[in-house]
Chemist: 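Quick one: structure below, then a few questions.
Proteins come first, then strands; the chains are lettered A, B, ... in the order of their sequence lines, and each starts at number 1. Values below: every heavy atom of this structure, side chains too, minus hydrogens, waters and symmetry copies. In this text the structure is predicted, and so the values were computed from the model without any measurement.
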Protein chains: 2
Amino acid sequence: MTTPQLTKNQSLVFDVLEKAEGPLSAYTILDKLRDHGFRAPLQVYRALEKLLEYGVVHRLESINSFVACAHPGENCHSHGIVAFAICESCGQVMEFHDHEVDHRLMAWVRGQKFKPEKTTIEIRGLCETCAA
Amino acid sequence: MTTPQLTKNQSLVFDVLEKAEGPLSAYTILDKLRDHGFRAPLQVYRALEKLLEYGVVHRLESINSFVACAHPGENCHSHGIVAFAICESCGQVMEFHDHEVDHRLMAWVRGQKFKPEKTTIEIRGLCETCAA
DNA sequence: ATTGCACACGTTATAGCATAACGCAATTGA
DNA sequence: TCAATTGCGTTATGCTATAACGTGTGCAAT
Ligand SMILES: [Zn+2]
Ligand SMILES: [Zn+2]
Ligand SMILES: [Zn+2]
Ligand SMILES: [Zn+2]
């Protein structure tokens, strides 16, 4: 899927996420955009829905937050499963792909005749700096 | 860690989860226990906190729900990372462990000097029955 | 040109998930 | 006995997400 031209709200939300140091909750994004006319959560959630669809933003299920894709330009949807390491102290997120992990997980679910749609891999812990 | 004797509330919550067909939200558990005197969400969340600590219940981050461990008797914490396949149609959950997946993920984070604490792997999709 | 449709947007209200803060009672162990 | 710990009950609050309604705009088919 190619990323279409973003609408005004989508651009605003994406810019906030791109400039952020780490993942943001929808309500944090809302607060950062009040000066730009945002008044309600739905304005954020509707933009996020599209950005997720385009693959330029990821949702971190374990912390109810959103982060800009770390691979600008590429289409993250084509990399297979995306995994995240999330520092619980500073919020920094590392994003990576591992085909062997994909392969093992998909082999297992196929063996169960399970049809996968969306996979979440999130490792919470401490980044190098915060663990020191 | 060995599982201590459960308190009354912990037993009630655990029994509800064990008898359930699939994962339940905390508020669903609350509703099922109103006849037993439960009145407030905290009664459920406090019991869940302990059950998670003992490893007899798992939290499914992607659907804000809780499920009894599929490996009664064993201590699930000792199996390394636990992965779940969650049917989005019927709610059925399959739980499994894969040491190779653990190994790859842990090797990657070690390479980043990241110190992992808790890992979530959740595959949402359709089970064999629902995909037919 | 008019109609119909798709889509983004704005607003209000509501639903669903989780914890803070207080106090009380029972247990334990010094 | 006294202090510390743990579980429990209650009230209130905060955070996350969506339902339902209406508006306006652009565009294609008639
Ligand atoms: Zn990405
Ligand atoms: Zn950190
Ligand atoms: Zn388990
Ligand atoms: Zn199913």
Chemist: Can you tell me the distance, in whole Å, between the NZ atom of A:Lys8 and the P atom of D:dT25?
Modeler: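 In whole Å, D:dT25 P lies 15 Å from A:Lys8 NZ.
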Chemist: By nearest heavy atom, map B:Pro41 and B:Phe38 onto DNA chain D; which one lands nearer the 5' end?
Modeler: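 The residue closer to the strand's 5' end, by nearest nucleotide, is B:Phe38.
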Chemist: Return yes if the base of C:dA15 and the side-chain atoms of B:Tyr27 contain a donor-acceptor N/O pair under 3.5 Å, otherwise no.
Modeler: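 When only heavy-atom distances are counted, B:Tyr27 does not reach the base of C:dA15 through any donor-acceptor pair under 3.5 Å.
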Chemist: Taking NZ, NE, NH1 and NH2 as the nitrogens, is one of them in B:Lys50 or B:Glu53 under 4.0 Å from a carboxylate oxygen of the other?
Modeler: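 Counted as a salt bridge, because a side-chain N and a carboxylate O are separated by less than 4.0 Å.
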Chemist: Checking contacts here: which listed nucleotide (C:dA18, C:dT19, D:dG7) is nearest the side-chain heavy atoms of B:Phe66?
Modeler: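 Minimum distance to the B:Phe66 side chain belongs to C:dA18.
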Chemist: With a 4.0 Å limit, can you tell me whether B:Ser25 has a side-chain N or O closer than that to the phosphate oxygens OP1/OP2 of C:dC17?
Modeler: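 So the side chain of B:Ser25 is within the cut-off, an N or O lying under 4.0 Å from OP1 or OP2 of C:dC17.
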Chemist: To the nearest Å, give me how far apart CG (B:Leu6) and P (D:dG7) are.
Modeler: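 The answer, rounded to whole Å, is 11 Å.
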Chemist: Check for a donor-acceptor pair, side chain of A:Gln10 on one end and backbone N or O of A:Leu51 on the other, with a separation under 3.5 Å.
Modeler: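 Answer holds: no.
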Chemist: In terms of side-chain heavy atoms of A:Lys50, which of C:dA8, C:dT12, C:dT19 is nearest?
Modeler: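 Of the options given, the side chain of A:Lys50 lies nearest C:dA8.
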Chemist: Take atom CD of B:Glu61 and atom P of D:dT16, then tell me their distance rounded to the nearest Å.
Modeler: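 Going from CD in B:Glu61 over to P in D:dT16 covers 14 Å.
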Chemist: Can you check the A:Gln10 CD to C:dA8 C1' distance for me, whole Å?
Modeler: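 Computing the A:Gln10:CD to C:dA8:C1' distance gives 8 Å.
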Chemist: Picking from D:dG9, D:dG7, C:dT11, which would you name as closest to the side chain of A:Ala40?
Modeler: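 Nearest to the side chain of A:Ala40 among the choices is C:dT11.
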Chemist: Could you state the atom-to-atom distance from CG of A:Leu30 to C1' of D:dT18 in whole Å?
Modeler: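 Roughly 15 Å, once rounded to whole Å.
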Chemist: What is the distance from NE2 of A:His36 to P of C:dC9, rounded to the nearest Å?
Modeler: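 Taking NE2 of A:His36 and P of C:dC9, I get 15 Å after rounding.
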Chemist: Measure from the ring center of B:Phe66 to the ring center of B:His58 and say whether it is less than 6.0 Å.
Modeler: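 So the answer is no for these two rings.
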Chemist: Nearest to the A:Thr7 side chain among D:dA17, D:dT10, C:dC9, which nucleotide is it?
Modeler: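 Taking heavy atoms from C-beta onward, the closest nucleotide is C:dC9.
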Chemist: Name the closest nucleotide to the A:Asn64 side chain, picking from C:dA18, D:dT16, C:dA8.
Modeler: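 Among the listed nucleotides, the one closest to the side chain of A:Asn64 is D:dT16.
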Chemist: Are A:Arg124 and B:Glu61 ion-paired here, with the side-chain N under 4.0 Å from a carboxylate O?
Modeler: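 The answer is yes: the pair qualifies as a salt bridge.
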Chemist: Got a donor-acceptor contact below 3.5 angstrom from the A:Thr28 side chain to the A:Leu24 backbone?
Modeler: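 Such a contact is absent between A:Thr28 side chain and A:Leu24 backbone.
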Chemist: With a 4.0 Å cutoff (strictly under), does any side-chain N or O of B:Tyr45 reach OP1 or OP2 of C:dT19?
Modeler: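 Checking C:dT19 against B:Tyr45, no side-chain N or O comes under 4.0 Å of OP1 or OP2.
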Chemist: Considering just the side-chain nitrogens and oxygens of B:Gln43, establish if one lies under 4.0 Å of OP1 or OP2 belonging to D:dC8.
Modeler: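 For D:dC8, neither OP1 nor OP2 has a side-chain N or O of B:Gln43 closer than 4.0 Å.
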Chemist: Identify whether any heavy atom of A:Arg46 sits under 4.0 Å from a base atom; if not, whether one sits that close to sugar-phosphate; answer base, sugar-phosphate or nothing.
Modeler: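 Contact class for A:Arg46: base.
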Chemist: Between D:dA17 atom P and A:Leu48 atom CG, what is the distance in whole Å?
Modeler: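 About 9 Å, once rounded to whole Å.
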Chemist: To the nearest Å, how far apart are A:Ile29 CD1 and D:dA17 C1'?
Modeler: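 Computing the A:Ile29:CD1 to D:dA17:C1' distance gives 13 Å.
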